[in-house]
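Quick caveat, the model's predicted, so the values are computed rather than measured. Hydrogens, waters and symmetry mates are skipped; everything else that's a heavy atom, side chains included, is used.
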Amino acid sequence: MKLENNNKPIWTGLVPFKFRYDSTESNVFAVSKAVVHKEFGKTIGMVALYVKESVIAAIYENSLNHQGGEFYILDEKHSIISSRNKSLLYHDFTDMTAISLPNLGERETSFILGKGDDELLVSTQHFEPLSWTIISVIPLDAITVENKEITKLIIRIGIWCLIFAMGISFFLSRSITKPLFILASTMRKIRNGQMNVRSSYKSMNEIGHLSDGFNSLMDRIEALVAKNAEEERTKSEIEFKLLQSQVKPHFLYNTVETIISLIKLNMKTEAIAAAKYMANFYNISLSRGNDVISIREEMKLTESYLEIQKLRYVEYMDYSMDIDEDIMCYATPKLMLQPIVENAIYHGLKWKKEKGYLQIVGFMQNGQIIIEVHDNGVGMDKQQMEQLLEPAVEDKRKVSFGARSVNSRIKMLYGDLYGLDVESVSGSYTKVTIRLPIKEL
């Protein structure tokens, strides 16, 4: 080579070279350029510069951002002239890496090798002035690791946002549903009979207004219920007084007629007995204005009434009374039994073709006082039994007034567990059961 013709720097390939002051050989690139005399224009010498391969490698190693990636520089023969792994220098690239290169005449090219987790991104770039090819081999996982971290961060942020949104929605829904649950709980208690319960929720929002309105409504309902109960009590008292007013004159008139008839028939003994029974009846029924008397007194009153009726209707009725002594001292509403006995006589035995029988028994059972009035009269059908105790329906023969009054009065005094039960078979019998609490007089 003639130096006169070498006006441009000349690069040699990678060569081993030992510097004077180094003990080991180094892989270097030699760069030479002719020195030309400035006056004569003749080449008077040559300058040579040796560049270590490690200096070239440091340039791309410092810019290597992806962990696990490799950079290679190849000469025109595809021999490796620069690499982080110095053992690969001077060897064929394909033999050392098992990577087949496409046509390197193109300036830039990229392709992916491998599958799954072993995929590699291979990028090539041709450096024309030196006929070098720069190749980077980077695992795809190393490239996408930042994207994966960003994706994980987005997922974490999304989860926290979801948890936060669910928490906010829970507290918002709770603030709405909690007062509704309180109101619903109050309604259930009221439905179970606790009429004095009220909603405790207080607020200025719509549900608070609803709660206040509900409480006001329940106050009005409770007042109306109390008013209705008082009216029912008054009505029951009026009915009872009416019953008394009907019994006394009616019974007095009939008894006097019976006594007169007995005297005319020269049955003085029976007439005297009837007068005594009548006196006894009115003495107990007056009872100094008391509406509650002992069961013993009530039985004496009923017995006096039955004896007088037996004198009047001797041809079609008889009776018996079997009352346990244990219950005689307890309390009962006055004239509780007489209306039931009267119904049995006038609407049961009197319509019977042959002589009928009336039986009264009294005993204690399951913590209650039970008094049964049984007659073998004509009985009642289902409709008549319903009319007997129904306050809204009244039989044409007024069968139900006395029984209905007694039933409502017992319930008013002692509660719905007590009162009258009716059992009857048309043409066979009727049994009225009276249930009373055990109350001391």
For [X] and [Y], indicate whether the former's side chain and the latter's backbone hold a donor-acceptor pair under 3.5 Å.
X	Y	answer
K411	G419	no
Q384	D381	yes
D324	D326	no
N376	Y429	no
T302	E298	yes
S428	V425	no

Decide yes or no on side-chain contact (heavy atoms from CB on, under 4.5 Å) for I323 and I360, but give the supporting numbers first.
-> CA-CA 8 Å; I323 310 298; I360 302 174; 4.1 Å; yes

Carefully, step by step, assess E372 and F363 under the rule side-chain contact (heavy atoms from CB on, under 4.5 Å).
-> CA-CA 9 Å; E372 295 179 348; F363 52 91; 3.9 Å; yes

Minimum side-chain heavy-atom gap [X]-[Y] below 4.5 Å:
X	Y	value
Y330	L441	no
T97	V137	no
I284	K300	yes
Y357	D375	no
I370	T433	yes
I99	T94	no
V373	L358	yes

Sole residue of K310, E307, Q359 in side-chain hydrogen bond (donor to acceptor under 3.5 Å, both in side chains) with Y319 |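 Option passing the side-chain hydrogen bond (donor to acceptor under 3.5 Å, both in side chains) with Y319: E307.
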
Salt bridge between R84 and E70, side-chain N to carboxylate O under 4.0 Å?
->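 E70 and R84: salt-bridged.
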
Starting at [atom1] of [X], measure out to [atom2] of [Y] and round the result to the nearest 0.5 Å.
X	Y	atom1	atom2	value
I438	I327	CD1	CD1	9.5 Å
R296	L301	CZ	CG	14.5 Å
I371	I434	CD1	CD1	5.5 Å
T430	M380	OG1	CE	4.0 Å
L88	S79	CG	OG	12.0 Å
Y313	I345	OH	CD1	8.5 Å

Using the side-chain contact (heavy atoms from CB on, under 4.5 Å) rule, take I134 and T124 through it: C-alpha gap first, then chi angles, then the decisive distance, then the call.
-> CA-CA 6 Å; I134 302 170; T124 66; over 6 Å; no

Between [X] and [Y], does any side-chain donor sit less than 3.5 Å from a side-chain acceptor?
X	Y	answer
S82	E53	yes
Y305	Q309	yes
N85	S87	yes
S304	N280	yes

Heavy-atom closest contact ([X] atom, [Y] atom, distance):
X	Y	result
I81	L89	C-CD2, 3.6 Å
S294	M328	CB-O, 3.8 Å
Y414	P333	OH-CD, 3.9 Å
L349	G356	CD2-CA, 3.7 Å
K352	V378	N-CG1, 4.0 Å
R435	Y418	O-CB, 3.3 Å

Establish, yes or no, whether a centroid distance under 6.0 Å links the rings of W132 and Y72.
->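 No, they do not, as the ring centres are separated by 6.0 Å or more.
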
Counting heavy atoms not belonging to K355, are there more than 12 under 6.0 Å from its NZ?
->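 For K355, atom NZ is crowded (more than 12 foreign heavy atoms under 6.0 Å).
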
Is the number of heavy atoms from other residues, nucleotides or ligands under 6.0 Å of Q383 CD greater than 12?
->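 Not buried by this count: 12 neighbours or fewer within 6.0 Å.
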
Mind running side-chain contact (heavy atoms from CB on, under 4.5 Å) on L436 and I410 for me, showing each step along the way?
-> CA-CA 8 Å; L436 296 172; I410 292 174; 3.9 Å; yes

Where at least one partner belongs to residues 260-277, residue pairs that pass side-chain hydrogen bond (donor to acceptor under 3.5 Å, both in side chains), sequence neighbours excluded =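 Qualifying pairs: none.
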
